[in-house]
Amino acid sequence: MPILNYTAWEIELIETGRIVQDNDKSIPPEEAEFRFIRYMNLVDLVEGVEGIVAARALLRSIQAKHDYGAYENTINKLVFLFPPEQIVEAMLTELPRLIQNNERWAGDLLSFITRTQNLAPVLIFEFNEALKLAAPINQTKIIQFIRAQEAEGWLEDKKGVLGV
């Protein structure tokens, strides 16, 4: 089913993407479960033809420390459905925020694009080329993060692949 109202979809996606954590007792369990299911349903609406706005919204929806499996679906939708240039544009725009707010998911996302069968060479090339042209402040932040993850983290087995 196609997304009919992108603005409403994006607002609700980002709101429900703040997955309620187990230790958050301010939200009743039934409401937390409803939000989680709604988030999954909103992600499932994505077909990959929605453009860069939807690609960026998917990344902006990744906000919680513990996702209980939801963000894997989000990342899969982004990486397997959108054209490589849109994936990379969304990543370069949203990665600085993700690095600042949730390094785990930033590292997971970068690692994922290096190991995605058949797509990895294209995504790596597109990412590295676009990173060279990124705004200097974003470029520096992303490259520093990549180097830190290569030293100890998500990219330890992918040294020298990203940010070259």
Side-chain angles (χ1 to χ4, degrees), residues 1-19 36 38-64 67 69-150 153-155 157-158 160-164:
M1 181 166 145
I3 299 168
L4 301 176
N5 182 333
Y6 285 108
T7 303
W9 171 83
E10 181 178 5
I11 290 168
E12 190 174 7
L13 178 78
I14 292 168
E15 176 65 30
T16 58
R18 282 187 223 105
I19 309 273
F36 180 85
R38 182 63 181 153
Y39 176 74
M40 296 294 288
N41 289 336
L42 290 166
V43 170
D44 283 341
L45 290 175
V46 174
E47 297 175 347
V49 297
E50 296 84 2
I52 190 64
V53 173
R56 288 186 60 196
L58 287 172
L59 288 175
R60 278 198 311 279
S61 76
I62 298 173
Q63 304 165 70
D67 72 318
Y71 296 157
E72 184 176 332
N73 189 38
T74 305
I75 292 171
N76 282 335
K77 285 285 188 169
L78 176 71
V79 173
F80 291 113
L81 294 182
F82 286 84
E85 57 278 354
Q86 288 181 6
I87 298 166
V88 168
E89 182 181 341
M91 286 180 63
L92 290 177
T93 304
E94 300 300 330
L95 262 173
R97 177 203 56 84
L98 204 51
I99 290 168
Q100 181 175 331
N101 296 336
N102 200 325
E103 287 186 1
R104 174 186 175 234
W105 287 110
D108 191 16
L109 179 61
L110 287 171
S111 173
F112 192 80
I113 69 165
T114 67
R115 58 183 160 78
T116 304
Q117 290 199 343
N118 299 329
L119 285 174
V122 172
L123 286 173
I124 291 166
F125 176 79
E126 292 280 341
F127 180 85
N128 286 335
E129 290 302 305
L131 185 57
K132 291 174 188 173
L133 303 173
I137 192 163
N138 287 352
Q139 183 184 63
T140 300
K141 187 169 195 159
I142 293 169
I143 290 174
Q144 286 175 344
F145 181 74
I146 288 170
R147 297 299 169 252
Q149 293 299 306
E150 288 175 338
W154 287 94
L155 300 172
D157 64 335
K158 298 293 184 182
V161 172
L162 296 176
V164 295

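Keep in mind that the numbers below use all heavy atoms, side chains included, and drop hydrogens, waters and symmetry copies.
- The shortest heavy-atom contact between Gln86 and Ala55 is O-CB, 4.3 Å.
- A distance of 12.5 Å separates CG in Asn138 from CE in Met91, rounded to the nearest 0.5 Å.
- Scored by the side chain to side chain donor-acceptor pair (under 3.5 Å) test, Asn101 finds no partners at all (sequence neighbours excluded).
- Listed for the Ser61 side chain is a donor-acceptor partner under 3.5 Å among the backbone atoms of Leu58.
- Not one N or O on the side chain of Tyr39 forms a donor-acceptor pair closer than 3.5 Å with the backbone of Arg18.
- Contact between Ser111 and Thr114 at its shortest, heavy atoms only, is O-OG1, 2.6 Å.
- In this structure the side chain of Ile99 never reaches within 4.5 angstrom of the side chain of Gln149, judged on heavy atoms.
- Within the 4.5 Å cutoff, the side chain of Glu129 has no heavy atoms near those of the Glu126 side chain.
- Gln63 is listed as a side-chain neighbour of Ile14, based on a closest heavy-atom distance under 4.5 Å.
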*Verdict with reasoning, Thr93 to Ile52, per side-chain contact (heavy atoms from CB on, under 4.5 Å)*: CA-CA 10 Å; Thr93 304; Ile52 190 64; over 6 Å; no
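- In this structure, Gln139 contributes its side chain and Lys132 its backbone to a donor-acceptor pair below 3.5 Å.
- Every residue meeting the side-chain contact (heavy atoms from CB on, under 4.5 Å) condition with Glu150, not counting sequence neighbours, appears here in chain and number order: Ile146, Arg147, Leu155, Lys159.
- Between Asp44 and Lys77, the closest side-chain pair of non-hydrogen atoms falls below 4.5 Å.
- Between Phe127 and the options Ile124, Leu131, Leu123, a side chain to side chain contact (heavy atoms under 4.5 Å, CB included) holds for only Leu131.
- Taking CG from Asp108 and CG from Leu98, the interatomic distance works out to 9.5 Å, rounded to the nearest 0.5 Å.
- Note: Leu110 CG to Lys158 NZ = 12.5 Å, rounded to the nearest 0.5 Å.
- Put simply, the side chain of Trp154 never gets that close to the backbone of Leu109: no donor and acceptor are under 3.5 Å apart.
- For the pair Val122 and Phe125, the minimum side-chain heavy-atom distance is 4.5 Å or more.
- Considering CD1 of Ile62 and CG of Leu78, their distance stands at 8.0 Å, rounded to 0.5 Å.
- A search for side chain to side chain donor-acceptor pair (under 3.5 Å) contacts involving Glu12 returns Arg38, not counting sequence neighbours.
- Counting all heavy atoms, side chain and backbone alike, Phe82 lies closest to Gly51 at CE2-O, 3.4 Å.
- The line from CG of Asp67 to CZ of Phe36 is 7.0 Å long, rounded to the nearest 0.5 Å.
- How far CD1 of Ile142 is from CG of Leu92: 5.0 Å, rounded to the nearest 0.5 Å.
- When atom types are taken as modelled, the side chain of Asn76 and the backbone of Glu72 share a donor-acceptor pair closer than 3.5 angstrom.
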